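Okay, so here's the structure we're looking at.
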Number of protein chains: 2
Amino acid sequence: MSSAAPAPEEQPPRPVRFGIMGCASIARKLARAMLLAAPACAVTAVGSRSEAKARLFAADNGLPAEARLHGSYEALLDDPGVDAVYLPLPTSLHVQWATAAAARGKHVLLEKPTALCAADLDAILAACDASGVQFMDSTMWMHHPRTAKMHELLPADVGDVRVVNSLFSFRANEDFLQNDIRVKPDLDALGALGDAGWYCIRAILWAVDYELPKNVIALPEPVKNQAGVLIACGATLYWADGKMATFHCSFLTNLTMDLTVVGTDGTLHVTDFIIPYEEKSGPFSVASKSNFAELSNGWVPQPSKHVVMTDLPQEALMVQEFCRLVQGIRDAGAKPENKWPAITRKTQVVLDAVKTSIDNGFGSVDVVS
Amino acid sequence: MSSAAPAPEEQPPRPVRFGIMGCASIARKLARAMLLAAPACAVTAVGSRSEAKARLFAADNGLPAEARLHGSYEALLDDPGVDAVYLPLPTSLHVQWATAAAARGKHVLLEKPTALCAADLDAILAACDASGVQFMDSTMWMHHPRTAKMHELLPADVGDVRVVNSLFSFRANEDFLQNDIRVKPDLDALGALGDAGWYCIRAILWAVDYELPKNVIALPEPVKNQAGVLIACGATLYWADGKMATFHCSFLTNLTMDLTVVGTDGTLHVTDFIIPYEEKSGPFSVASKSNFAELSNGWVPQPSKHVVMTDLPQEALMVQEFCRLVQGIRDAGAKPENKWPAITRKTQVVLDAVKTSIDNGFGSVDVVS
């Protein structure tokens, strides 16, 4: 056997130069994530509707002194020192600015809900595709190592998934219910469905390996505000093989983040799936092949409790994964990873169907991919 | 002040003399519970379709040697040394034998589902009422001290209940799916809805202080066996004030016993509500007034975990409570406690509405008390 030639001295990959496009509250969390995701990532620019807001954001969030501050989104997109943008603008602005970013060759990390409807998302994805840039939505929990661990256990420990339940609610205060962009028809017109329901739908799709349901039926009696924006709603999803899932999302009840996956062989419970109770640990439990004890006075075996630790928070892991893909494209001629836009689109398609069912009086709506 | 006269020497109350009416598998659990519930309870007779079966049951379950063995249910009901019967017969036989028992002045502890429909249950309750005997259904988890503890916490820690989810499934084996009375149209015609759905409906009603929903809508696509008996199904329940609840019950998926109660101020989770994982301890958790941590990277406060211990299993506590009520009636001229038949009837009424919705093509069915 010939021995391998010594590896050439490897250059560390150059950081992906991020521009933060809009100073929404959620952008603070992402700014921190980008700093934690160094050296894969560097924040090189901030764009806002005014340079003063960009300056304040940079200072408040400890961004590097050399980060460029732009007083318009256009100026940020014109910045040649920006490889990728993170876009936390209100949903109604996504199609305009995400397509503009892609058209200038910027990779796009887009807040959820990604668009007001699948047609708008398709315009964004087509622009990314045309420019060969990476697209990813900012659904952070997908990147927690707990998520991978749970998914790994599903086939053997849960078996054939038959029933999935997901709940995401938080109790918004009066100021939120009056003024937040998520209750405004011209900003985030999908309301609680887009903001909270997005996570439930994604979690359900995740649990069934992204097989689209054949139809959805919204739960009657959703809550809307005076402007007609959804404040609480839900739906049941049906698959051709008899699987079903139910979700409920709301701005009106206590913080709740449940995902329950019931299969032929086991049951997965996680009650903080979107944001773990603690940043560095993610708990969940799995009951597998559970039986009644003799005389049905207990369970054999009992569920196993798991905790998956992470040094970096899930949003920093998301940024790292996004940067890894961008580096591959920018530096090594790789193609964009299609997995991420594909699951974004499935999530949006189901969300559209739920919205249609609500608008049509809670009838069954076929899910068309 | 005059000092109180010394209390007369109190006699311990005489045991309630139980007759076990039918040797179903579940009766083994109750026989043990009755032995554990001594001295409030004594098993004085067993009735079966043959004396040999009664004898075998008595021997197998460690019943007292002096317990009388009856070769027919009629003979058991004629036994003057029996105060109360426990009746675990198939549901289709409940109305006949529970009314017969009440007519002979026997107090009735009746297995669930209590009847095939509310009209049958009403016949049973009317017979108990006419004879002045206590009625209670054998829903054991109601009597675990955990249940009382959770209920005590609901007002302050969960607040106004808005959403309740309940799941109860177990994965029946082929023998069960072919031969168990719970899949036979002439025995337990309500199938999984009567057996497993009963618990879900009761739990939902429990969570809302037994306020009846205004209407129910069954989930489409229930699973039925070839004889038309429900093997898996579910429903959504709606209240006038916007509360809603969803349940799913099944013989086809892993053992799962979830009750989730989401309110304005908190969320209750219990995942073994029907039969605790371990006989002597009942866990649950409550997240109350949960907020996102700064930057939404955790929860403040985190949910509290509770464990409620019990020396006696919940089924023995149920027997003790039943015996306490019977002793009051038999020995002290008390009236039967109306709470128990009232919640039985509400459970049955909702169950009826779900069945009607399934039979009518999953339309909305008003719940009429």
Side-chain angles (χ1 to χ4, degrees), chain A residues 25-26 28-29 32 158-160 162-163 165 167 169-171 217 219-221 223 232 234 236 238 242 244 246 248 250 252-258 260 262-267 269 271-272 275-279 285 287-293 295-299 302-303 313-315 364, chain B residues 25-26 28-29 32 158-160 162-163 165 167 169-171 217 219-221 223 232 234 236 238 242 244 246 248 250 252-258 260 262-267 269 271-272 275-279 285 287-293 295-299 302-303 313-315 364:
Chain A
S25 159
I26 183 69
R28 297 172 56 218
K29 184 169 182 172
R32 172 173 175 261
V158 173
D160 187 18
R162 307 310 296 160
V163 176
N165 273 357
L167 294 172
S169 69
F170 55 88
R171 186 167 175 190
I217 304 176
L219 299 176
E221 309 192 16
V223 182
T236 308
Y238 297 92
M244 51 161 290
T246 302
H248 181 80
S250 170
L252 301 176
T253 51
N254 188 63
L255 185 56
T256 304
M257 295 178 181
D258 284 10
T260 304
V262 186
T264 46
D265 296 327
T267 307
H269 283 111
T271 53
D272 59 351
I275 297 175
Y277 296 127
E278 297 179 343
E279 192 171 69
S285 76
S288 194
K289 300 177 184 68
S290 316
N291 284 302
F292 296 110
L295 288 182
S296 296
N297 57 5
W299 294 40
Q302 298 201 11
Q314 58 189 9
E315 57 272 19
S364 175
Chain B
S25 161
I26 183 68
R28 296 173 54 218
K29 184 168 182 173
R32 171 172 176 261
V158 173
D160 187 17
R162 306 309 296 159
V163 176
N165 272 359
L167 294 173
S169 69
F170 55 88
R171 185 166 176 191
I217 304 176
L219 299 177
E221 308 192 20
V223 182
T236 309
Y238 297 92
M244 52 161 287
T246 302
H248 180 80
S250 170
L252 301 176
T253 51
N254 188 62
L255 186 56
T256 305
M257 296 180 181
D258 284 10
T260 304
V262 186
T264 47
D265 295 327
T267 308
H269 283 112
T271 52
D272 59 351
I275 297 175
Y277 296 127
E278 296 179 345
E279 191 170 70
S285 77
S288 194
K289 300 177 183 66
S290 316
N291 283 300
F292 296 110
L295 289 182
S296 296
N297 57 5
W299 293 41
Q302 299 201 10
Q314 58 189 9
E315 57 272 18
S364 175

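Please read all numbers here as calculations on a predicted model, not as lab measurements. Here is the naming used below: chain letters follow the sequence lines, and residue numbers restart at 1 for every chain.
Applying side chain to side chain donor-acceptor pair (under 3.5 Å) to A/Asn297 and the options B/Lys29, B/Glu279, B/Glu278 leaves one that passes, B/Glu279.
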side-chain contact (heavy atoms from CB on, under 4.5 Å) for B/Thr267 and A/Leu255? Distances and angles first, verdict last. CA-CA 8 Å; B/Thr267 308; A/Leu255 185 56; over 6 Å; no
Check the pair B/Val262, A/Leu167 against side-chain contact (heavy atoms from CB on, under 4.5 Å), reporting the backbone distance first and the verdict last. CA-CA 9 Å; B/Val262 186; A/Leu167 294 172; 3.9 Å; yes
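Of all the listed residues (A/Thr253, A/Thr264, A/Thr271), the one sharing the greatest number of non-hydrogen pairs under 4.5 Å with chain B is A/Thr264. Put simply, of B/Pro276, B/Gly159, B/Ser250, the one with the most heavy-atom pairs under 4.5 Å next to chain A is B/Pro276. Chosen from A/His269, A/Arg32, A/Arg162, the residue pairing most often with chain B at heavy-atom distances under 4.5 Å is A/His269. The most heavy-atom pairs under 4.5 Å with chain B, out of A/Asn291, A/Thr260, A/Asp258, A/Thr246, come from A/Asp258. In terms of heavy-atom pairs under 4.5 Å with chain B, the best-connected choice from A/Gln314, A/Glu221, A/Met244 is A/Glu221.
The OG atom of A/Ser288 lies 14.0 Å from the CD atom of A/Gln302; values are rounded to the nearest 0.5 Å. Interatomic distance, OH of B/Tyr238 versus OG of B/Ser364, reported as 8.5 Å (0.5 Å rounding).
Only the side chain of A/Thr236 comes within contact range of chain B, with heavy atoms under 4.5 Å apart. Contact annotation for A/Ser169: only side-chain heavy atoms (C-beta onward) come within less than 4.5 Å of a heavy atom of chain B. Looking at A/Tyr277, the atoms closer than 4.5 Å to chain B (heavy atoms on both sides) sit in the backbone and in the side chain alike. Contacts of B/Arg171 with chain A are made by side-chain atoms alone, with heavy-atom separations under 4.5 Å and no backbone atom involved. For chain B, the nearby part of A/Asn165 is the side chain; its heavy atoms alone come within less than 4.5 Å. Proximity to chain A (any heavy atom under 4.5 Å) is shown, for B/Ile26, by neither the backbone nor the side chain. In this structure, chain A has no heavy atom under 4.5 Å from any part of B/Ser25. Both the backbone and the side chain of B/Met257 come within contact range of chain A, with heavy atoms under 4.5 Å apart. For B/Glu315, the part lying under 4.5 angstrom from a heavy atom of chain A is the side chain only. With a 4.5 Å cut-off on non-hydrogen atoms, B/Leu252 touches chain A through its backbone but not through its side chain. Using a 4.5 Å cut-off between heavy atoms, A/Pro313 does not touch chain B at all.
At distances below 3.5 Å, at least one donor-acceptor pair connects side-chain atoms of B/Trp299 with backbone N or O atoms of A/Ile275. Distance alone, capped at 3.5 Å, is enough to place a donor-acceptor pair between the B/Asn254 side chain and the A/Ser290 backbone.
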